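A short worksheet on the structure shown next.
Note on naming: letters A, B, ... go to the chains in the order of the sequence lines (proteins, then strands), and numbering restarts at 1 for each one. Fair warning: this is a prediction, and the values are worked out from it, not measured in the lab.
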Protein chains: 2
Amino acid sequence: MTTEKKGKIMGGGNKFQEPVKTSRRRQVRKEKEEDEVNESFKSPNLEAERRRREKLHGRLMALRSHVPIVTNMTKASIVEDAITYIGELQKIVQNLTEKLHEMEETPLEIYEQQTVHTIKPEVEAIDLKVEMKKMGIEENVQFCKIGKRKFWLKITTEKRPGIFTKFMEVMCLLGFEIIDITLATSNGAIIICSSVQILQGLCDGDSVDPEQTKDFLLEVMRSNP
Amino acid sequence: MTTEKKGKIMGGGNKFQEPVKTSRRRQVRKEKEEDEVNESFKSPNLEAERRRREKLHGRLMALRSHVPIVTNMTKASIVEDAITYIGELQKIVQNLTEKLHEMEETPLEIYEQQTVHTIKPEVEAIDLKVEMKKMGIEENVQFCKIGKRKFWLKITTEKRPGIFTKFMEVMCLLGFEIIDITLATSNGAIIICSSVQILQGLCDGDSVDPEQTKDFLLEVMRSNP
DNA sequence: GGTTACACGTGATTC
DNA sequence: TGAATCACGTGTAAC
């Protein structure tokens with residue numbers, strides 16, 4: 001007797017009614033309290049519980065729609081896939097951030113040469129500024145790789161007529177395309193900072209030897225026109 | 001009678017027993033079938049259902065642990081927060097990818113100066129022009145006098161091979177000496193800002209008609225190389 | 001027939 | 001009180 005009661009009244013799917021929505025899972029929903037047992041005991045939170053279930057179901061479906069790979073349709077699998085996907089996204093974000101960070105602010109290889117040999121490059125840069133102000137001009141060329149095909153260079157030398165034109169000719173000769181450039185003259189000195197890129201179709205960035213290029217630049221800048 | 005039966009046998013939380021684990025939510029679990037009603041009908045899937053519930057619960061908790069911001073502890077909220085977090089992560093990834101891509105490889109800018117001919121220059125030039133106009137960049141030349149022998153100029157135009165070299169040639173032809181210059185390229189456009197000075201010995205600044213010079217510059221910049 | 005997964009209705013509990 | 005959430009045990013489909 002009790003079993004019958006239980007089977008009739010308590011939880012458990014009833015007849016399926018709505019058509020299959022997404023997958024092969026059944027869609028169970030009672031029509032209305034029209035089952036044979038009419039002693040319907042109105043639970044106070046029956047409707048609320050239904051809405052809660054629907055809400056959670058909807059959220060899970062939304063979550064599923066936001067995750068590209070779904071191994072299974074089950075609730076646990078949906079959540080599990082979401083977890084792994086979040087992990088992948090976090091990893092991707094981390095990698096991209098690292099890559100971007102190291103690309104835009106830490107040039108890996110810096111080749112620098114100065115006519116007067118000093119020891120520490122950082123100090124050199126500071127000394128250079130001082131030197132410039134004092135009109136004691138030190139020729140200086142820096143050349144470093146900042147991207148696959150991109151390079152960054154800085155040239156400090158004395159200002160001579162046509163030196164910028166010569167610089168442009170050299171860039172043209174080497175097959176470099178000017179991305180951006182800054183030139184300033186002061187007290188008989190000239191400083192050129194520029195990002196350049198190897199022309200497409202010529203070669204890739206690996207075929208450029210930064211040290212050799214730097215030496216060549218220095219030599220050309222030194223030579224009188 | 002039926003109500004009593006239902007209340008006793010069917011679903012519903014029992015006495016709470018284990019201590020509160022994570023939050024203020026109650027932890028309900030029956031000790032063993034020691035309730036007054038001993039007519040326990042071993043449902044074949046009772047234990048399985050319990051494991052399933054535990055599994056889903058664990059997954060949800062894991063999901064919650066992977067999401068930094070949690071507005072609420074409820075299941076629906078956990079899933080909802082996960083969805084918004086995934087959206088944010090996807091947006092971040094997209095932004096970072098765009099930034100990285102445009103930083104290390106600019107596919108549109110190709111030739112400059114006297115290039116080796118590889119692909120169709122006309123098509124590329126048109127593309128750049130379109131790109132430039134899409135960004136709302138218009139061809140423009142400004143030229144004004146800022147000193148006795150000094151002038152300031154700004155040129156905005158489409159990026160074409162050799163345009164910077166041509167600019168330098170024109171400056172040389174006009175007898176201008178570069179004081180400082182800034183060049184930047186973006187989206188098929190090129191912008192040049194420069195302070196120039198009339199070469200000493202040539203003439204004074206009054207002999208330069210800014211309007212005429214500007215028109216000449218505009219014309220030269222427009223002409224194909 | 002055994003296993004898995006789901007929705008269901010309910011009591012308990014917290015706010 | 002009342003609304004909201006949860007765990008529970010079960011019936012029932014699908015594999």
Side-chain angles (χ1 to χ4, degrees), chain A residues 2-33 35-37 39-61 64 71-80, chain B residues 2-61 64 71-80:
Chain A
T2 55
T3 61
E4 300 162 1
K5 288 277 177 187
K6 282 193 294 184
K8 289 301 174 189
I9 305 174
M10 66 184 310
N14 288 7
K15 305 297 173 291
F16 63 92
Q17 177 180 356
E18 307 176 4
V20 181
K21 208 162 44 180
T22 57
S23 71
R24 64 193 181 284
R25 270 286 165 209
R26 75 239 173 277
Q27 203 74 12
V28 249
R29 177 56 56 93
K30 184 193 291 185
E31 168 70 23
K32 211 54 183 176
E33 302 290 337
D35 222 343
E36 56 194 283
V37 182
E39 44 176 344
S40 60
F41 183 72
K42 298 169 291 183
S43 274
N45 62 341
L46 198 152
E47 195 176 354
E49 179 63 17
R50 276 185 183 169
R51 284 182 311 196
R52 172 183 165 270
R53 274 198 297 263
E54 286 182 5
K55 192 160 105 182
L56 181 58
H57 182 77
R59 300 290 185 198
L60 280 176
M61 286 308 160
R64 183 177 69 91
T71 63
N72 209 344
M73 277 297 205
T74 86
K75 290 181 176 179
S77 290
I78 290 174
V79 179
E80 187 177 359
Chain B
T2 55
T3 58
E4 302 162 1
K5 289 276 178 189
K6 283 191 294 184
K8 287 302 174 188
I9 304 174
M10 67 184 310
N14 287 9
K15 303 296 174 291
F16 62 93
Q17 178 179 356
E18 307 176 5
V20 182
K21 206 163 44 181
T22 58
S23 71
R24 64 193 180 285
R25 270 283 167 212
R26 73 243 172 278
Q27 204 74 11
V28 250
R29 178 56 56 94
K30 186 192 291 184
E31 169 69 22
K32 211 54 186 174
E33 302 290 336
E34 62 169 356
D35 223 343
E36 54 193 288
V37 182
N38 282 333
E39 45 175 344
S40 62
F41 274 96
K42 300 170 290 181
S43 276
N45 60 341
L46 198 153
E47 195 175 354
E49 178 64 16
R50 275 185 185 171
R51 284 183 307 192
R52 172 184 165 271
R53 274 198 298 262
E54 285 182 7
K55 190 161 108 183
L56 181 57
H57 183 77
R59 299 290 186 199
L60 280 176
M61 286 309 159
R64 184 176 68 91
T71 62
N72 208 345
M73 276 297 206
T74 87
K75 291 182 175 179
S77 290
I78 290 174
V79 179
E80 187 177 0

DNA chain D: 5'-proximal contact among B:Pro44 and A:Arg53 (nearest heavy atom):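 The 5'-side residue here is A:Arg53.
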Nearest to the side chain of [X], which nucleotide is it out of [options]?
X	options	result
B:Leu46	C:dA5, D:dG9, D:dT5	D:dG9
A:Ser43	D:dG9, C:dT10, C:dA5	C:dT10
A:Asn45	C:dG11, D:dA4, D:dT10	C:dG11

A:Arg52: which residues meet the side chain to side chain contact (heavy atoms under 4.5 Å, CB included) condition with it, sequence neighbours left out?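 Listed in chain order: A:Glu49, B:Lys75.
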Would you kindly give the [atom1]-to-[atom2] distance between [X] and [N], to the nearest whole Å?
X	N	atom1	atom2	value
A:Glu47	D:dG2	CD	P	15 Å
B:Glu49	C:dT4	CD	P	12 Å
A:Asn72	C:dT4	CG	P	13 Å
B:Leu56	C:dT4	CG	P	16 Å
B:Glu54	C:dA5	CD	C1'	16 Å
A:Arg59	D:dT5	CZ	P	10 Å

Counting just side-chain N and O atoms, does [X] come under 4.0 Å of either OP1 or OP2 of [N]?
X	N	value
A:Arg50	C:dC8	no
B:Lys75	D:dA7	yes
B:Arg52	C:dC6	yes
A:Lys55	D:dT5	yes

What pair of heavy atoms forms the shortest contact from B:Ala76 to A:Lys55, and how long is it?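 Shortest heavy-atom contact: CB-CE, 3.9 Å.
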For B:Arg64 and B:Ile78, work out which heavy atoms get closest and say how close.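 Shortest heavy-atom separation between B:Arg64 and B:Ile78 comes out as CD-CD1, 3.8 Å.
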Side-chain heavy atoms of A:Leu56 within contact of B:Thr74, under 4.5 Å: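 No - every pair of side-chain heavy atoms lies 4.5 Å or more apart.
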First locate atom CZ of B:Arg51, then atom CG of B:Leu46, and finally report the distance between them rounded to the nearest 0.5 Å.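 Separation between the atoms: 11.0 Å.
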